[in-house]
Undergrad: 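One structure, as structure tokens, below. Some questions next.
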Amino acid sequence: MSSFIYVINGPNLNMLGKREPEIYGNATLNDIEIMCLKIAKKNNIKLKFLQSNAEHEIINWIHNAREDASGIIINPAAYSHTSIAILDALSLFENPIIEVHISNIHKRENFRHNSYVSQKSTAIIAGFGIDGYIIALKKLIELCSK
Ligand code: DQA
């Protein structure tokens with residue numbers, strides 16, 4: 001696999017570690033990035049690990065992924081529940097997309113139950129904490145090498 005896997009993180013995920021630890025745990029986004037980079041290295045894969053609080057930046061990264069990504073892992077955070085624009089951007093991407101949520105969004109407030117992004121996701125992982133990223137990455141590597 002010569003292209004990248006993008007791991008895209010949406011708003012407020014830069015605050016992991018400080019943010020509602022009873023829901024999201026104590027690990028930081030940097031801890032997640034280190035875990036993902038280890039797996040990528042082991043599998044000889046190039047990773048772009050990204051986070052933004054701005055919707056347009058996430059959309060631009062998804063557009064860029066069309067050029068150089070064999071798959072996307074995305075935790076769109078609160079944009080999951082609001083952003084048709086991110087769904088539309090993902091609809092332009094032709095390779096696998098795995099949606100990750102640290103928490104089980106279906107066990108939480110009603111407004112978190114719908115994710116627009118899920119309409120385009122190949123698979124969804126929710127409720128496994130930060131391990132969801134590891135599961136997603138391993139499965140995506142498997143899918144991309146088929
Ligand atoms: C989240 C769940 C979303 O509802 C929330 O807005 C987030 C994080 C998760 O990873 O569990 O910011 O995507």
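As the structure lists them, so they are numbered: ligands from 1, and atoms in each ligand from 1.
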Undergrad: Using the test side-chain hydrogen bond (donor to acceptor under 3.5 Å, both in side chains), find all partners of Ser115 that sit at least two apart in sequence or belong to another chain.
TA: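 Partners of Ser115 by the side-chain hydrogen bond (donor to acceptor under 3.5 Å, both in side chains) criterion, ordered by chain and then number, come out as Glu99, Ser118.
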Undergrad: Going by the angle between their ring planes, with limits at 30° and 60°, are Phe49 and Tyr133 parallel, tilted or perpendicular?
TA: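 Plane angle between 30° and 60°, so tilted.
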Undergrad: Determine whether Lys46 and Asp68 satisfy the following criterion, salt bridge (charged side-chain N to carboxylate O under 4.0 Å, His left out), listing intermediate values before the conclusion.
TA: CA-CA 10 Å; Lys46 292 182 286 178; Asp68 67 359; over 6 Å; no
Undergrad: By side-chain contact (heavy atoms from CB on, under 4.5 Å), which residues pair with Asn14, not counting sequence neighbours?
TA: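 Counting only residues at least two positions away or on another chain, Asn14 forms a side-chain contact (heavy atoms from CB on, under 4.5 Å) with Gln51, Asn53.
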Undergrad: Are the side chain of Arg19 and the backbone N or O of Tyr24 linked by a donor-acceptor pair below 3.5 Å?
TA: no
Undergrad: Taking salt bridge (Lys or Arg N to Asp or Glu O under 4.0 Å) as the test, write out the residues that go with Glu67, two or more places apart.
TA: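 Testing Glu67 for salt bridge (Lys or Arg N to Asp or Glu O under 4.0 Å), a comparison that skips the adjacent residues, returns none.
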Undergrad: Tabulate distances under 3.5 Å between N/O atoms of ligand 1 and N/O atoms of the protein, writing both atom names on each line.
TA:
unit_1, atom_1, unit_2, atom_2, d
ligand 1, 4 (O), His81, NE2, 2.7
ligand 1, 4 (O), Arg112, NH1, 2.9
ligand 1, 6 (O), Ala78, N, 3.2
ligand 1, 6 (O), Arg112, NH1, 3.1
ligand 1, 10 (O), Asn75, ND2, 2.9
ligand 1, 10 (O), Ile102, N, 2.7
ligand 1, 11 (O), Ile102, N, 3.2
ligand 1, 11 (O), Ser103, N, 2.8
ligand 1, 11 (O), Ser103, OG, 2.6
ligand 1, 12 (O), Arg19, NH1, 3.1
ligand 1, 12 (O), Arg19, NH2, 2.9
ligand 1, 13 (O), Asn75, OD1, 2.8
ligand 1, 13 (O), His101, ND1, 2.8

